Amino acid sequence: MAEIDGGMKSIAKTDENPSESALARTLRYILRGGPTDDGIPARVRAEIAQREAAAERLIGWVQLGIVVFFATLYSIAPKAEGGSGFNFVPIALAAYFLFTVLRLGLSYRMVLPEWYLVTSIVVDIVLLCGLIFSFHIQYAQHPAFYLKAPTLMYVFIFISLRALRFDPRFVLTTGAIAVMGWLMLVTYAVVGEMGGMHITRNYVEYLTSNAILIGAELDKTIIILGVTAILSFALYRGRQMLFDSIRDHAAAEDLRRFFAPEVARSITDSDRMPKAGEGEMRNAAILIVDVRSFTQTAETLPPQVVMETLAKYQEAVLPVIQGHNGRVDKFLGDGILATFGAVQKSERYAADALNAARDAVAAVDALEEEFRALGWPGELKVGAAVASGSVTVGVVGAKDRLEFTVIGNPVNLASKLEDANKAQNTRVLTDEETYRAALAQGFANGDLPVRRNESVTGLNHTVDLVAVA
């Protein structure tokens, strides 16, 4: 109980009332089925609801399988002798089959409300208890006769079925109703037809006659309660883990939207959290794409137009980068920094980067009319630059704020070359070393002239440039 109360405090601190006693908090925790979904994002709550609905459908299928199995077994197995009264078993099986089919069908059409689930539990136990009660009629025996029927064991199937849904309240409800049903059967056997029965303390007499051994019936009741309590306790702990697991799963899925898939996997699947300062050297290419005069134009436009235009531009460029095996490292306002061969080793990093740069420019040009429709004045043009070489790939930052990035001269060079597009009157620019590497890796455009000893703003040396577009 301490673990339950501790879990409640950790999950639902906002739901606590300082004046409430620990017992009251524990009881409220039990009645609501464990931790609340306070503080859990709506998308996570929706996933929890979907899993619970799937669990109810699974319960329905299992119940259907059980009733079909027992109906088949009943129809082919030799019938027990000695039964001269009315046989309720076929009726009970048929009624339960119809109810189960109805419940299963409804579970696919709607989210079953809690009152219906409780009703389903009541029907399960009532049918079972009714079947047990019918034995003294079928076999013309005193009611004490049905207390020895092994059919009671099926109650544990009904209890354990509810454990398929991570809501312990339904296990507790099933166990409680089962105990009440059994105690009613015991009470009827004790007070009904007193002349044909007596209470005994002799175990042999209990087994060989219609006598009732109160201790034996208490044992059965205690076992039902014990199984119910153990399963419920396990589910209270399991529900806490379910909430944490789904929340972590949603966080991991969200992480994959902010990082390249390989980076996200390296974080979520790692045996330990990456630390700042960890990295490795790789040969890679860096691509930078930037919108011409974006800042100056954006200052004259409504924010909504700016953001919609930016989103449209990024939606056009990102698939191109990913299609050429690139990974977006970060968004730089209207700029995009992508890497090729940094996150995952590649033998075509330079060729892929130049192909992506050229195709990205063409993809944005093809959307000129759409940008105008959004409210962007004039032409929206982008420039791109590619540089390659040895870079350090790793984690930077502090323990509470980490970033996976690439560091090295190619990053700086690509940034400077992108700015040089204006002076060179080009759309896609690279250096000769990167161009030669791309040709060796299969880049198709091998007849581009080299602009020797060009000055580039921000560099203290000249660079041999190649205009790709």
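One is the number of the first residue; the rest follow in order along the sequence. Model, not experiment: these values are computed from the prediction.
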SB check R103 E56 (cutoff 4.0 Å):
yes
Does V382 offer a backbone N or O that forms a donor-acceptor pair with the side chain of R427 under 3.5 Å?
yes
Looking only at side chains, do Y96 and D124 share a donor and an acceptor under 3.5 Å apart?
yes
Does the side chain of I157 reach to within under 4.5 Å of the side chain of Y154, using non-hydrogen atoms?
yes
Quick one: are R436 and V450 in side-chain contact, heavy atoms under 4.5 Å?
yes
Taken to the nearest 0.5 Å, the spacing of Y349 OH from R282 CZ works out to 13.0 Å
Would you say CZ of R109 has more than 12 non-hydrogen atoms from neighbouring residues, nucleotides or ligands within 6.0 angstrom?
no
Rounded at 0.5 Å granularity, tell me how far CD1 in I224 sits from CE in M180.
12.0 Å
Output for pair (S388 OG, D431 CG), nearest 0.5 Å, gives 6.0 Å
Which heavy atom of A178 sits nearest a heavy atom of I125, and at what distance?
CA-CG2, 3.8 Å
I need the minimum non-hydrogen distance between D447 and Y435, along with the two atoms involved.
N-OH, 3.5 Å
Applying side-chain contact (heavy atoms from CB on, under 4.5 Å) between T430 and each of L413, L287, L354, report the one that passes.
L354
Can you check whether F331 reaches L310 side chain to side chain, under 4.5 Å on heavy atoms?
no
Would you check if the distance from the ring center of W376 to the ring center of F294 is below 6.0 Å?
yes
Measure the CD1-SG distance between I177 and C129 for me, rounded to the nearest 0.5 Å.
10.0 Å
Is there a side-chain contact between L104 and V101 (heavy atoms, below 4.5 Å)?
no
How long is the gap from CG on L332 to CD1 on I336, to the nearest 0.5 Å?
8.5 Å
Trace of the side-chain hydrogen bond (donor to acceptor under 3.5 Å, both in side chains) decision for E347 with Q441
CA-CA 7 Å; E347 300 299 326; Q441 295 171 6; over 6 Å; no
Criterion side-chain contact (heavy atoms from CB on, under 4.5 Å) on L465 and V456, from CA distance to verdict
CA-CA 10 Å; L465 301 177; V456 175; 4.3 Å; yes
Do you see a donor-acceptor pair shorter than 3.5 Å between the side chains of T426 and N421?
yes
Identify whether the distance between the nearest side-chain nitrogen and carboxylate oxygen of E368 and R372 falls below 4.0 Å.
yes
Heavy-atom pair with the smallest gap, counting every atom of L380 and V291
CG-CG1, 4.0 Å
Can you tell whether the side chains of E418 and R292 come within less than 4.0 Å, N to carboxylate O?
yes
A385 and A414 have their tightest heavy-atom pair at CB-O, 3.4 Å
Return the minimal non-hydrogen interatomic distance between V306 and A298, and the atom names on each side.
CG2-O, 3.7 Å
Any donor-acceptor pair under 3.5 Å linking the side chain of R162 with the backbone of G175?
no
Could you tell me if the side chain of F156 sits less than 4.5 Å from the side chain of I223, heavy atoms only?
yes
Note, I286 side chain near D329 side chain (heavy atom, < 4.5 Å):
no
Quick one: does L127's side chain get under 4.5 Å of V123's, heavy atoms only?
yes
Might you work through the side-chain contact (heavy atoms from CB on, under 4.5 Å) test for L374 and E308, ending with a clear yes or no?
CA-CA 7 Å; L374 290 174; E308 289 178 355; 3.7 Å; yes
Spacing of T309 atom OG1 and L301 atom CG [to the nearest 0.5 Å]:
7.0 Å
Which atom pair, heavy atoms only, marks the closest approach of R358 to V468?
CD-CG1, 4.4 Å
Carboxylate-amine/guanidinium contact R452 E432, below 4.0 Å:
yes
Does the side chain of T174 reach to within under 4.5 Å of the side chain of T228, using non-hydrogen atoms?
no
How far apart are the C-alpha atoms of V179 and L225, what are their side-chain angles, what is the distance that settles it, and do they pass the side-chain contact (heavy atoms from CB on, under 4.5 Å) test?
CA-CA 7 Å; V179 167; L225 288 173; 3.5 Å; yes
Looking at Y108, does the NZ or CZ of R57 lie under 6.0 angstrom from its six-membered ring centre and within 45 degrees of the ring axis?
yes
Any donor-acceptor pair under 3.5 Å linking the side-chain atoms of N412 with those of S415?
no
Run the side-chain contact (heavy atoms from CB on, under 4.5 Å) test on L235 and D167 for me, step by step, so that the C-alpha distance in whole Å, both residues' side-chain angles and the decisive distance to 0.1 Å come before the verdict.
CA-CA 7 Å; L235 284 179; D167 192 334; over 6 Å; no
Can you say whether the rings of Y116 and F99 are parallel (under 30°), tilted (30 to 60°) or perpendicular (over 60°)?
parallel
Counting neighbours of CD on E433 that are heavy atoms of other residues, nucleotides or ligands and sit closer than 6.0 Å, is the number greater than 12?
no
Under a 4.0 Å threshold between the charged nitrogen and the carboxylate oxygen, would K381 count as salt-bridged to D365?
yes
